[in-house]
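Here is the structure we will look at.
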There are 2 protein chains.
Amino acid sequence: MRPTIRDVAQHAGVSIATVSRALRDSGSVRKDTRARVLEAAEQLNFTPSRLGRQLAERRHAANGIVFPDLSGPYYAEVVLGYEAVAAERERSVLILSTHGRANAEAMVEDLATRCDGMVVMGRTISDDAVERLVSRGMPVVLLARPPIGDIDSVNADNRTSAVALGRHMLAQGARRVAFVGDPAASPDVQERWSGLQDALAEASAKGEATVDLVSVQGFGEETGAAVARRALESRNRRPLPDAFVCANDELALGLMDTLLAADVAVPDRVLVSGWDDVMAARYAGLTTVRQPMRALGGTAARLLDELVTGARTEPRHELLPTELVTRASTSPHPAQK
Amino acid sequence: MRPTIRDVAQHAGVSIATVSRALRDSGSVRKDTRARVLEAAEQLNFTPSRLGRQLAERRHAANGIVFPDLSGPYYAEVVLGYEAVAAERERSVLILSTHGRANAEAMVEDLATRCDGMVVMGRTISDDAVERLVSRGMPVVLLARPPIGDIDSVNADNRTSAVALGRHMLAQGARRVAFVGDPAASPDVQERWSGLQDALAEASAKGEATVDLVSVQGFGEETGAAVARRALESRNRRPLPDAFVCANDELALGLMDTLLAADVAVPDRVLVSGWDDVMAARYAGLTTVRQPMRALGGTAARLLDELVTGARTEPRHELLPTELVTRASTSPHPAQK
DNA sequence: TTGAAAGCGGTACCAG
DNA sequence: CTGGTACCGCTTTCAA
């Protein structure tokens with residue numbers, strides 16, 4: 001059995017109150033008394049029980065983060081940035097990945113009972129569920145998810161780069177643009193799709209360009225490859241687009257690979273772009289949009305900490321900049337050359 | 001103030017014992033009594049305090065995982081695999097990334113006070129620190145780290161693939177082989193280096209091959225690039241190796257990129273291999289060794305759960321298979337052609 | 001400077 | 001089937 005504070009007290013010949021004080025330098029304890037207590041604690045190999053302490057202090061000294069999935073470099077980097085800042089502030093980190101589990105909300109409710117505050121990322125639980133947490137007094141920061149009322153939020157600036165990307169595609173000579181992704185699956189994707197449409201709106205109106213949505217289920221390379229295969233199969237009935245703007249890099253990489261394997265030249269015949277700027281994008285020469293993944297997580301951790309410690313009460317909404325990175329997959333379109 | 005079990009009891013006109021039973025379907029409670037309790041709990045928006053419950057039950061229902069770093073696809077996938085299995089078994093997951101922090105052991109000690117068991121990965125804390133945890137009764141599973149006494153462990157089979165890789169390099173015509181990595185930095189790297197030496201031992205003895213260690217600090221692309229630059233600069237004094245066997249993919253990718261930029265042909269002049277089979281390796285055509293990252297994490301979670309629940313007491317040591325994946329970066333060496 | 005005792009919010013045993 | 005009550009291990013008044 002692990003020793004308790006009472007064992008230490010008895011061993012040192014003092015009361016448990018004194019042990020508690022001595023162990024945390026709180027209150028006043030005579031020097032030699034403290035020494036005796038520390039000695040006893042050492043001998044018994046005593047570590048105070050976190051549960052007892054937390055129950056008495058009524059706090060967890062832990063923060064949670066809820067995200068849809070950890071696969072792929074994006075979420076991992078975000079969580080990394082989060083953990084780094086949280087650890088710096090001496091708060092433990094509880095992670096919960098919902099990946100589409102049906103009981104996600106229950107799991108989040110459960111998580112909420114174990115921490116002093118939490119970051120809720122993207123498409124994990126409903127707005128209602130979030131508000132329920134907040135109404136119960138739980139500090140919450142939304143990450144990669146549009147603000148809900150006065151709840152703090154941290155987002156990457158999807159729109160600006162989506163517009164820039166759309167213009168870039170036009171400038172490279174694209175006329176028939178397809179967006180690959182599921183806007184309903186994530187608020188980020190929603191913004192990218194809508195930004196792209198805005199960028200092409202004028203050209204569309206003049207009949208100089210078209211922009212279509214290729215809605216897909218997943219986010220992985222295999223999904224991208226499937227989109228490419230479908231497009232290739234139906235190319236008699238429906239010509240290939242000039243440009244595929246994909247919701248993330250994995251989609252784009254899978255798609256591009258399949259096109260190349262079918263001898264469809266990228267970028268000579270079709271332009272392709274992704275989103276995130278993962279490592280593979282660099283090696284594949286993929287045009288993409290870089291977002292500050294670590295900073296997203298770190299900023300969320302910082303905002304949450306301010307909320308938990310009560311250092312700040314007025315809400316904040318952070319928008320972190322993104323950057324268009326052009327590479328070989330969108331070099332000038334033949335029509336332009 | 002959050003309602004407590006006493007509030008609910010009062011509201012429902014029963015004792016707290018009955019509330020406790022009703023809320024957890026334990027013991028026997030009359031149907032209508034239960035209904036009344038649930039109703040009261042609902043009305044008060046009551047959620048039992050995790051702390052109170054855990055203190056009484058003397059368990060956390062949470063597991064920890066300690067890893068060196070979360071950057072790069074490798075650790076992220078491992079943690080993902082871990083979280084998936086843990087969640088399935090209704091255990092929360094506490095993560096702690098030590099990345100070389102000086103107070104890593106203290107952080108781990110702290111983590112230990114918050115969970116019922118933990119997975120300790122690679123080069124994070126000393127063997128002594130691990131044994132201290134175990135001696136205090138904490139269930140521990142080692143991951144990507146050689147066994148310590150009877151402590152459970154889960155490892156990828158580095159040696160077999162390291163030998164296969166060495167033989168492959170010889171078969172492709174390499175004679176001067178360099179291993180890039182820091183064996184002291186991680187047990188995995190140590191095994192890869194030693195397996196490679198074994199594979200080349202015979203050829204070495206006959207004077208048909210040499211194998212050198214290029215010791216480096218980091219694990220990233222930049223480190224790999226620096227190795228390439230140094231090798232290129234000193235090529236008058238010391239000819240370039242025929243093959244660079246790198247401790248992981250990031251090193252290999254950075255190195256290969258720099259070689260190519262300097263017009264050193266890969267694989268025609270130099271062969272390059274990595275380790276892990278991250279996504280970028282596929283797009284860069286890098287020969288590498290695939291390890292079951294998710295399964296590593298998942299297996300560790302399973303073993304730990306068995307320990308925590310007491311379902312198993314005799315120690316286990318799992319060795320998961322790896323697989324050599326040959327790609328363009330090691331296609332036949334010119335000398336062979 | 002120290003100790004006694006009242007919580008913190010539950011669980012579980014023992015009577016009734 | 002239900003209530004009373006003794007913990008679980010610590011923090012924190014309040015007195016001495």
Side-chain angles (χ1 to χ4, degrees), chain A residues 1-41 44-62 109-110 112-116 136-138, chain B residues 1-41 44-62 109-110 112-116 136-138:
Chain A
M1 205 55 196
R2 266 182 54 177
T4 77
I5 197 171
R6 280 167 244 277
D7 299 322
V8 179
Q10 187 171 13
H11 209 81
V14 297
S15 75
I16 63 168
T18 300
V19 174
S20 175
R21 285 187 284 250
L23 256 35
R24 295 173 307 125
D25 312 294
S26 82
S28 25
V29 181
R30 231 169 56 206
K31 217 176 159 192
D32 57 325
T33 313
R34 172 196 310 295
R36 219 153 15 105
V37 171
L38 294 183
E39 159 100 24
L44 296 177
N45 196 10
F46 170 77
T47 331
S49 149
R50 247 277 153 38
L51 290 173
R53 177 171 286 182
Q54 286 169 355
L55 182 57
E57 291 177 336
R58 280 184 286 177
R59 63 179 224 128
H60 299 266
E109 291 283 343
D110 182 84
T113 65
R114 316 178 144 265
C115 53
D116 305 316
R136 250 195 250 120
M138 162 119 321
Chain B
M1 205 54 196
R2 269 181 54 176
T4 76
I5 196 173
R6 282 165 239 277
D7 298 323
V8 179
Q10 187 171 14
H11 209 81
V14 297
S15 75
I16 62 168
T18 300
V19 174
S20 177
R21 286 187 286 250
L23 255 36
R24 296 173 306 126
D25 311 294
S26 83
S28 24
V29 182
R30 232 170 54 207
K31 218 176 159 191
D32 56 326
T33 313
R34 173 197 309 298
R36 217 152 17 102
V37 170
L38 294 183
E39 160 99 22
L44 296 177
N45 196 10
F46 170 78
T47 330
S49 151
R50 247 282 153 35
L51 290 174
R53 178 171 285 183
Q54 285 170 354
L55 183 57
E57 291 178 336
R58 279 183 286 179
R59 61 179 226 131
H60 299 265
E109 290 285 342
D110 183 84
T113 65
R114 314 177 145 268
C115 53
D116 305 316
R136 250 194 251 122
M138 163 120 318

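Quick note on labels: first sequence line is chain A, next is B, and so on, each numbered from 1.
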Let me check something: any side-chain donor-acceptor pairs from residues 5-17 of chain A under 3.5 Å, sequence neighbours excluded? List them with distances.
residue: A/Asp7; atom: OD2; partner: A/Thr4; partner atom: N; Å: 2.8
residue: A/His11; atom: NE2; partner: A/Gln43; partner atom: OE1; Å: 3.1
residue: A/Ser15; atom: OG; partner: A/Ala17; partner atom: N; Å: 3.4
residue: A/Ser15; atom: OG; partner: A/Thr18; partner atom: N; Å: 3.4
residue: A/Ser15; atom: OG; partner: A/Thr18; partner atom: OG1; Å: 3.4

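Each of A/Arg34 and B/Arg50 lies near DNA chain C, and the nucleotide nearest A/Arg34 is the one positioned closer to the 5' end. Remark on DNA chain D: of its neighbouring residues A/Val19 and B/Glu57, the 5'-side contact belongs to B/Glu57, judged by nearest-heavy-atom nucleotide.
When the salt bridge (Lys or Arg N to Asp or Glu O under 4.0 Å) test is applied to A/Arg136, the partners found at least two apart in sequence or on another chain are A/Glu109. Contacts of A/Arg59 classified as side chain to side chain contact (heavy atoms under 4.5 Å, CB included), with partners at least two apart in sequence or in another chain: A/Glu57, A/Ala61, A/Arg91, A/Asp116. By the salt bridge (Lys or Arg N to Asp or Glu O under 4.0 Å) test, A/Arg2 pairs with no residue at all, sequence neighbours left out.
Donor-acceptor pairing under 3.5 Å, judged by distance alone, is present between the side chain of A/Arg6 and the base of D/dG9.
One can place CG of B/Leu55 at 13 Å from C1' of D/dA6, the figure rounded to the nearest angstrom. Atom CD of A/Gln54 is separated from atom P of D/dT12 by 13 Å (rounded to the nearest Å). Atom CG of B/Asp32 and atom C1' of D/dC1 are 10 Å apart (whole Å). One can place CD1 of B/Ile16 at 14 Å from P of D/dC7, the figure rounded to the nearest angstrom. Whole-Å rounding puts the B/Leu51 CG to D/dT11 C1' distance at 14 Å. In this structure, A/Arg2 places its CZ atom 10 Å from C1' of D/dG9, rounding to the nearest Å. Computed from coordinates, the A/Arg59 CZ to D/dT12 P distance equals 10 Å when rounded to whole Å.
In this structure, A/Ser26 does not reach the D/dT12 phosphate: none of its side-chain N or O atoms is under 4.0 Å from OP1 or OP2. Put simply, B/Thr18 has a side-chain N or O that comes within less than 4.0 Å of OP1 or OP2 on D/dG3. Dashed line: the shortest gap from a side-chain N or O of B/Ser15 to OP1 or OP2 of D/dG3 is under 4.0 Å.
Residue pairs satisfying the salt bridge (Lys or Arg N to Asp or Glu O under 4.0 Å) criterion with at least one member in residues 10-27 of chain A, sequence neighbours excluded, are listed as follows: A/Asp25-A/Arg34. Every pair passing salt bridge (Lys or Arg N to Asp or Glu O under 4.0 Å) that includes a residue from residues 47-56 of chain A is listed here, sequence neighbours excluded: A/Arg50-B/Asp110.
Using a 4.0 Å heavy-atom distance criterion, A/Thr4 is classed as a sugar-phosphate-only contact. Residue-level contact check: A/Ser28 touches the bases, meaning some heavy atom is under 4.0 Å from a base atom. Among the heavy atoms of the strands lying under 4.0 Å from B/Thr47 are primed sugar atoms or P, OP1, OP2 only; no base atom is included.
A nucleotide of DNA chain C counts as in contact with chain B when one of its atoms lies under 4.0 Å from a heavy atom; the first and last such, 5' to 3', are C/dG9 to C/dC13.
Proximity of a side-chain donor or acceptor of A/Arg114 to a complementary backbone N or O of B/His60 within less than 3.5 Å is detected.
Looking at every heavy atom in both residues, B/Leu44 comes nearest to B/Pro3 through O-CG, 3.4 Å.
Rounding to the nearest 0.5 angstrom, the gap separating the OG atom in A/Ser49 from the CD atom in A/Gln54 is 8.0 Å.
The end-to-end axis angle of the helix from C/dT1-D/dA16 to C/dG16-D/dC1, rounded to 10 degrees and based on five pairs per end, is 40°.
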Kindly give the atom pairs (protein nitrogen or oxygen, nucleotide nitrogen or oxygen) under 3.5 Å for nucleotides 13-16 of chain D.
none

